[in-house]
Amino acid sequence: MTTDSEATLHCGVNEHYRRIWHTVKLIPAGRVASYGQIADLAGLPGRARMVGKALQAAPKPMQLPWHRVLRSNGQIAFPAGSDTAEEQKGRLQEEEVVVLKNRVRLVEYQWRPDLAELLFGLAF
DNA sequence: CACATGACATCCA
DNA sequence: GTGGATGCCATGT
């Protein structure tokens, strides 16, 4: 194992995924964040797609609050009516987040972390 | 190596 | 509101 697989392992995706997962864990119950927002907070501006990959690759036992991550317009990223979308809607409603037409009102529910929150969360 | 696909975002018509 | 073009980049064929 010489070249890229090792390099990729060292400085690459795994490290990014770790940071993404960590950031998602910081979203408080009852609030939501967008993929792009998570990417930014994780130090990966412009890489919203990687957030999707990271969540997809996230081991289930990790218990990530993936349901709090939405599109930049507040929509659930899965096709309306799909099992996954329904589960996400259910989990959000458990947290008093209103979901209508597969979508959440970001003006009401989007997470807006203050500085102290970020310092505490990301300092690890 | 080239190409397609995707739990996305932004800009513009 | 819709839809297309572009940027982004890991993964799989």
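So that the names make sense, note that chain A is the first sequence line, chain B the second, and so on, each numbered from 1.
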Notebook entry, point to check: Would you say the side-chain atoms of A/W21 pair up with the backbone N or O of A/L64, donor to acceptor, closer than 3.5 Å?
Noted result: no
Item checked: Same cluster (ILVMFWY, side-chain, under 4.5 Å), A/I27 and A/M62 -> yes
Note to self: What verdict does the side chain to side chain contact (heavy atoms under 4.5 Å, CB included) test give for A/R19 and A/L44, after you've listed the backbone C-alpha separation in whole Å, the side-chain angles of each residue and the deciding distance to 0.1 Å?
What the structure shows: CA-CA 9 Å; A/R19 302 180 60 165; A/L44 302 165; 5.6 Å; no
Item checked: Members of residues 103-114 of chain A that approach DNA chain B, where some heavy atom sits under 4.0 Å away -> none
Next item on the list: Figure out the OH/P separation between A/Y17 and B/dA7, and round it to whole Å.
Entry: 12 Å
Next item on the list: Could you check A/Q37 against A/K53 and say which one's nearest nucleotide on DNA chain B is further toward the 5' end?
Entry: A/K53
Notebook entry, point to check: Counting only non-hydrogen atoms, which of residues 56-86 of chain A are less than 4.0 Å from DNA chain B?
Noted result: A/Q56, A/W66, A/R71, A/S72, A/A77, A/F78
Next item on the list: In whole angstrom, give the distance that lies between atom CD1 of A/I20 and atom P of C/dC9.
Entry: 12 Å
Notebook entry, point to check: Does a nitrogen or oxygen in the side chain of A/R47 sit under 4.0 Å from OP1 or OP2 of C/dC9?
Noted result: yes
Check: Which pairs pass side chain to side chain donor-acceptor pair (under 3.5 Å) with one or both residues in residues 27-47 of chain A, sequence neighbours excluded?
Finding: A/Q37-A/Q110
Next item on the list: In sequence, state the C-alpha distance, the side-chain angles, and the governing distance for A/V69 and A/V24, and then conclude on side chain to side chain contact (heavy atoms under 4.5 Å, CB included).
Entry: CA-CA 8 Å; A/V69 185; A/V24 170; 4.2 Å; yes
Next item on the list: Could you state whether A/Y109 and A/V107 fall into the same hydrophobic cluster, counting links through intermediate Ile, Leu, Val, Met, Phe, Trp or Tyr residues with side-chain heavy atoms under 4.5 angstrom apart?
Entry: no
Residues 90-97 of chain A side chain polar contacts: donor-acceptor under 3.5 Å, at least two apart:
{"residue": "A/R91", "atom": "NE", "partner": "A/E87", "partner atom": "OE2", "Å": "3.1"}
{"residue": "A/R91", "atom": "NH2", "partner": "A/E87", "partner atom": "OE2", "Å": "3.2"}
{"residue": "A/E95", "atom": "OE1", "partner": "A/G30", "partner atom": "N", "Å": "3.0"}
{"residue": "A/E95", "atom": "OE1", "partner": "A/R68", "partner atom": "NE", "Å": "3.1"}
{"residue": "A/E95", "atom": "OE2", "partner": "A/H67", "partner atom": "NE2", "Å": "3.0"}
{"residue": "A/E95", "atom": "OE2", "partner": "A/R68", "partner atom": "NE", "Å": "3.2"}
{"residue": "A/E95", "atom": "OE2", "partner": "A/R68", "partner atom": "NH2", "Å": "2.7"}

Note to self: When the C1' atoms of B/dA7 and C/dG4 are compared, how many Å lie between them, rounded to an integer?
What the structure shows: 22 Å
Notebook entry, point to check: Which distance, rounded to the nearest 0.5 Å, do you find between the CE of A/M50 and the NZ of A/K53?
Noted result: 10.0 Å
Next item on the list: Answer whether the closest heavy-atom distance between the side chains of A/L26 and A/P113 falls below 4.5 Å.
Entry: no
Show every donor-acceptor pair shorter than 3.5 Å between a side-chain atom in residues 74-85 of chain A and any protein atom, with sequence neighbours excluded, or say none if there are none.
{"residue": "A/S82", "atom": "OG", "partner": "A/P79", "partner atom": "O", "Å": "2.7"}
{"residue": "A/S82", "atom": "OG", "partner": "A/A85", "partner atom": "N", "Å": "3.3"}

Check: Going by the salt bridge (charged side-chain N to carboxylate O under 4.0 Å, His left out) test, which pairs reach into residues 100-115 of chain A, not counting sequence neighbours?
Finding: none
Next item on the list: Drop me the distance from A/E117's CD to A/L122's CG, to the nearest 0.5 angstrom.
Entry: 10.0 Å
Notebook entry, point to check: Residues from residues 25-36 of chain A sitting under 4.0 Å of DNA chain B, heavy atoms only?
Noted result: A/S34, A/Y35, A/G36
Margin query: What is the distance, to the nearest angstrom, from the CG atom on A/D40 to the C1' atom on B/dA9?
Written below: 10 Å
Next item on the list: Run the numbers on A/V104 and A/V98 for side chain to side chain contact (heavy atoms under 4.5 Å, CB included), then give the verdict.
Entry: CA-CA 6 Å; A/V104 167; A/V98 179; over 6 Å; no
Next item on the list: Provide the distance between the two C1' atoms, one in C/dG7 and one in B/dT5, to the nearest whole Å.
Entry: 16 Å
Note to self: As a test of your reading of the structure, name each stem of DNA chain B as range with range, where a stem is three or more consecutive Watson-Crick or G-U pairs at under 3.5 Å.
What the structure shows: B:2-6 with C:9-13, B:8-13 with C:2-7
Notebook entry, point to check: Is the side chain of A/H22 donor-acceptor paired with the backbone N or O of A/G121 at a distance under 3.5 Å, no angle test?
Noted result: yes
Notebook entry, point to check: Residues from residues 88-102 of chain A sitting under 4.0 Å of DNA chain B, heavy atoms only?
Noted result: none
Note to self: Rounded to the nearest 0.5 Å, what separates atom CG in A/L41 from atom CD1 in A/I20?
What the structure shows: 11.5 Å
Notebook entry, point to check: Partners of A/A39 by side chain to side chain contact (heavy atoms under 4.5 Å, CB included), sequence neighbours excluded?
Noted result: A/V51
Margin query: Can you list everything that forms a side-chain hydrogen bond (donor to acceptor under 3.5 Å, both in side chains) with A/K89? Sequence neighbours excluded, please.
Written below: A/E86
Next item on the list: May I have the distance from A/R19 (atom CZ) to C/dC9 (atom P), rounded to whole angstrom?
Entry: 15 Å
Check: Is it the case that A/Q56 and A/W66 place a side-chain donor and acceptor less than 3.5 Å from each other?
Finding: no
Check: Can you give one letter per nucleotide of nucleotides 2-7 of chain C, going 5' to 3': B for a protein heavy atom under 4.0 Å from the base, S for sugar-phosphate only, - for none?
Finding: -----B
